[in-house]
Q: 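Here you go, one structure.
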Amino acid sequence: MVDEQVTGLYFIGKLHRMWIIYTEMHPERIDGINNDEYLDLLKNISKTNGTRYELYSLLLHKR
């Protein structure tokens, strides 16, 4: 599905928050992300086809 591709990740380090952008209308907030986890996600998401479900899998694997 077109709407499943992650098109952006926005990280707010001060708040330990990341926003996953996969549709224009419904960004999704993920709390409790630190800078190291964010950088690791960026490195690992490039090894996938970039769907939000693969990003969720990477997040769960780290927790």
Side-chain angles (χ1 to χ4, degrees):
M1 291 178 87
V2 173
D3 289 346
E4 306 304 327
Q5 286 296 119
V6 173
T7 58
L9 294 175
Y10 298 102
F11 179 66
I12 305 169
K14 198 179 255 189
L15 300 175
H16 296 279
R17 181 175 293 155
M18 177 177 73
W19 290 87
I20 300 170
I21 309 300
Y22 58 90
T23 67
E24 289 183 25
M25 299 186 64
H26 302 291
E28 188 170 335
R29 185 175 90 189
I30 306 290
D31 290 327
I33 301 289
N34 65 35
N35 190 53
D36 292 334
E37 289 173 315
Y38 176 70
L39 293 175
D40 194 43
L41 280 173
L42 288 179
K43 182 176 72 176
N44 288 319
I45 196 72
S46 67
K47 298 174 186 173
T48 68
N49 69 7
T51 65
R52 67 183 174 126
Y53 300 110
E54 289 171 330
L55 186 63
Y56 297 151
S57 176
L58 290 171
L59 282 168
L60 288 172
H61 180 65
K62 290 291 177 189
R63 303 276 160 129

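Positions are given from 1, in the same order as the sequence printed here.
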Q: Apply side-chain contact (heavy atoms from CB on, under 4.5 Å) to H16 and I33, showing your working.
A: CA-CA 5 Å; H16 296 279; I33 301 289; 5.7 Å; no

Q: Under the criterion side-chain contact (heavy atoms from CB on, under 4.5 Å), which of D36, I30, L58 is the partner of L41?
A: L58

Q: Going by side chain to side chain donor-acceptor pair (under 3.5 Å), name the residues that satisfy it together with T7, two or more places apart in sequence or in a different chain.
A: none

Q: To check you understand the geometry: which heavy-atom pair defines the closest contact between V6 and I20, and what is its length?
A: CG2-CG2, 4.1 Å

Q: Is there a side-chain contact between E28 and R52 (heavy atoms, below 4.5 Å)?
A: yes

Q: Quick one: side chain to side chain contact (heavy atoms under 4.5 Å, CB included) partners of Y10, sequence neighbours excluded?
A: W19, I21

Q: For the residue pair Q5 and Y22, confirm or rule out a side-chain donor-acceptor distance under 3.5 Å.
A: no

Q: Say whether, by atom type as modelled, one donor and one acceptor occur between the side chain of E54 and the main chain of N49 under 3.5 angstrom.
A: yes

Q: Within a strict 4.5 Å, meaning less than it, do heavy atoms of the F11 and L39 side chains meet?
A: no

Q: So, using salt bridge (Lys or Arg N to Asp or Glu O under 4.0 Å) as the criterion, who are the partners of K43 when residues are at least two apart?
A: D40

Q: Side-chain contact test, heavy atoms from C-beta onward, threshold under 4.5 Å: evaluate it for D31 versus L15 and give yes or no.
A: no

Q: Taking C-beta and beyond as the side chain, do I12 and M18 meet within less than 4.5 Å on heavy atoms?
A: no

